[in-house]
Protein chains: 2
Amino acid sequence: MIDDVLTVARRQLGEVGAAGLSLRSVTREVGISPSAVYRYFSSRDHILTGLILEGYTRLGTAVTAADDALPPDRVTTRWHQVWHSTRDWAVANPHEYALLYGTPVIGYDAPPETVEPATRVVVRLTEIFFHAARRDLLTDRVDLSDPAPTPGLREDAESLLRTIDALGVPVPAGLDPADPVRVVNAWSELFGAISFELFGHYVRSITRHAEHLDTLAAATARQLGLPERD
Amino acid sequence: MIDDVLTVARRQLGEVGAAGLSLRSVTREVGISPSAVYRYFSSRDHILTGLILEGYTRLGTAVTAADDALPPDRVTTRWHQVWHSTRDWAVANPHEYALLYGTPVIGYDAPPETVEPATRVVVRLTEIFFHAARRDLLTDRVDLSDPAPTPGLREDAESLLRTIDALGVPVPAGLDPADPVRVVNAWSELFGAISFELFGHYVRSITRHAEHLDTLAAATARQLGLPERD
DNA sequence: CCATGTTGTGAACAGTGTTCTCTATTGCGA
DNA sequence: TCGCAATAGAGAACACTGTTCACAACATGG
């Protein structure tokens with residue numbers, strides 16, 4: 001029943017967006033009275049929270065599935081794959097993407113159960129980079145384009161490393177603590193570009209979005225020391 | 001009168017956000033009947049459009065004013081200044097920022113009159129970079145971290161260059177057509193990071209947001225060839 | 001001075017999220 | 001199999017929302 005509501009709600013979300021999604025309209029389609037839904041969801045926002053959770057999971061499985069189809073050692077190809085499959089999912093589900101990465105509806109802090117699924121893309125990016133490091137696939141990054149992190153940021157970096165370790169991702173030995181932050185930066189760059197594309201901020205500048213994202217993926221890959229081609 | 005409505009609306013926007021902004025509540029505070037506002041605005045979305053226009057203008061003037069206070073030749077300092085004043089404005093006006101750079105409310109294409117104010121920050125970034133190029137302040141960028149653009153992207157780059165030229169920004173001679181795209185990328189990176197901060201996606205990773213933005217600004221500055229210190 | 005265009009009101013409509021009372025229906029132990 | 005309790009849902013009601021429309025003041029200019 002909860003699934004019925006969420007399925008219909010996700011369909012309508014894809015048509016009218018989160019702002020236009022009406023609880024009553026969902027109940028009409030499910031064939032239920034508006035008040036009945038309060039047995040399962042405490043409020044309309046609670047339904048949206050369910051959709052957010054579902055959305056993160058769907059995006060995460062789409063991206064990881066695309067990456068899993070590739071040989072593990074082809075790290076640069078995998079890196080590009082994650083970037084493009086993320087964008088593909090966003091372009092195919094713009095309203096759902098906007099629900100996840102647009103203006104937060106609930107408040108400024110997401111419900112705690114959503115943070116794990118929400119990290120799946122960045123965790124996968126980290127895994128690719130760590131895998132490359134463990135397999136000694138990284139090229140020498142003679143001229144890192146980012147400066148040395150400040151002490152505060154170094155703390156953030158180390159705490160982030162511990163979080164990644166706690167997630168069960170094998171951390172390679174002798175890692176620069178700033179590297180996970182670089183991956184996070186690439187992640188933020190990826191979603192910044194997708195948001196700008198979907199939200200219309202690239203009007204009158206970039207129109208070849210797929211090619212553009214490709215150059216961004218390549219640039220971040222080079223900054224991280226992933227091999228040129230594999 | 002239009003200003004009265006917009007002033008009150010902006011105040012309430014700062015308190016409840018765009019989703020919670022009520023036309024009737026605005027009219028109550030202005031001291032007017034709900035229907036009277038339809039003499040000046042065709043709909044609630046029209047009011048929001050006015051707020052968006054105002055918001056872009058306010059952000060733009062805040063950023064350009066901060067930059068104007070600096071000596072023109074200190075291009076790297078100016079670059080950092082633009083990054084930080086943008087973030088400062090966003091942090092001080094989170095709901096207004098979300099209205100501008102979060103989920104679009106109206107549709108997927110912004111009203112045409114909003115595109116000029118919306119470009120002010122990226123135009124200023126471009127101006128700084130062009131100024132540095134004209135004054136020969138750029139260092140040699142031996143190892144550009146982004147690859148050569150594809151033909152399609154090169155078209156985008158040249159069209160973008162024409163747009164910038166049409167805006168009256170003096171374009172330096174002998175410019176790599178890909179350079180404006182690099183500025184656009186930095187711009188997208190800036191807003192991607194701010195959105196991730198404000199929308200709560202940096203939870204459990206970055207907490208020192210100002211320092212973090214500083215390293216991003218420095219990295220993009222180096223990629224563009226801005227001098228290390230000035 | 002009258003007519004015309006402007007400015008605002010108030011009632012009404014359709015729609016929303018939410019709460020509450022009340023009624024079926026179900027499952028289960030005796 | 002009966003009876004009871006837990007559950008699922010319905011329906012009315014409330015306080016809102018954005019929007020429309022007929023109507024009344026009012027100012028202005030010929």
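Below, read A as the first sequence line, B as the second, and so on, with proteins coming before strands; counting in each chain starts at 1. Here the structure is a predicted model, which is why all the values come from computation and not from measurement.
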Would you call D68(B)-R124(B) a salt bridge at under 4.0 Å N-O? yes

Does the distance from a Lys or Arg side-chain N to an Asp or Glu carboxylate O, for R11(B) and E15(B), drop under 4.0 Å? yes

Distance in angstrom units between [X] [atom1] and [N] [atom2], rounded:
X: L48(B); N: dG18(D); atom1: CG; atom2: P; result: 10 Å
X: I2(B); N: dT6(C); atom1: CD1; atom2: P; result: 14 Å
X: H46(A); N: dT19(C); atom1: NE2; atom2: C1'; result: 18 Å
X: Y40(A); N: dA10(D); atom1: OH; atom2: C1'; result: 13 Å
X: L23(B); N: dT19(D); atom1: CG; atom2: C1'; result: 9 Å
X: D45(A); N: dT18(C); atom1: CG; atom2: C1'; result: 12 Å
X: M1(B); N: dT6(C); atom1: CE; atom2: P; result: 17 Å
X: I32(A); N: dT25(C); atom1: CD1; atom2: P; result: 16 Å

Using a 4.0 Å heavy-atom cut-off across all strands, classify [X] as base, sugar-phosphate, or nothing.
X: R44(B); value: sugar-phosphate
X: S35(A); value: base
X: L21(B); value: sugar-phosphate
X: F41(A); value: nothing

So does R39(A) get a side-chain nitrogen or oxygen closer than 4.0 Å to the phosphate oxygens (OP1/OP2) of dT18(C)? no

For dG8(C), take OP1 and OP2 only and decide whether either is under 4.0 Å from a side-chain N or O of Y38(B). no

Worked check of ring pair (Phe, Tyr, Trp, His ring centres under 6.0 Å) between W79(A) and F129(A): CA-CA 8 Å; W79(A) 183 266; F129(A) 174 71; 7.8 Å; no

Closest approach of F130(A) to P180(A) (non-hydrogen atoms, all atoms of both residues): CZ-CG, 4.3 Å

Would you indicate which nucleotide in dG8(C), dT17(D), dT16(C) comes nearest to any side-chain atom of S22(A)? dT16(C)

Using atom types as modelled and distance alone, determine if a side-chain donor or acceptor of H131(A) lies under 3.5 Å from a backbone N or O of E127(A). no

Taking atom types as they are modelled, is there a donor-acceptor pair under 3.5 Å from the base of dG15(C) to the side chain of R24(A)? no

S33(B) (side chain) and dG10(C) (base): donor-acceptor pair under 3.5 Å: no

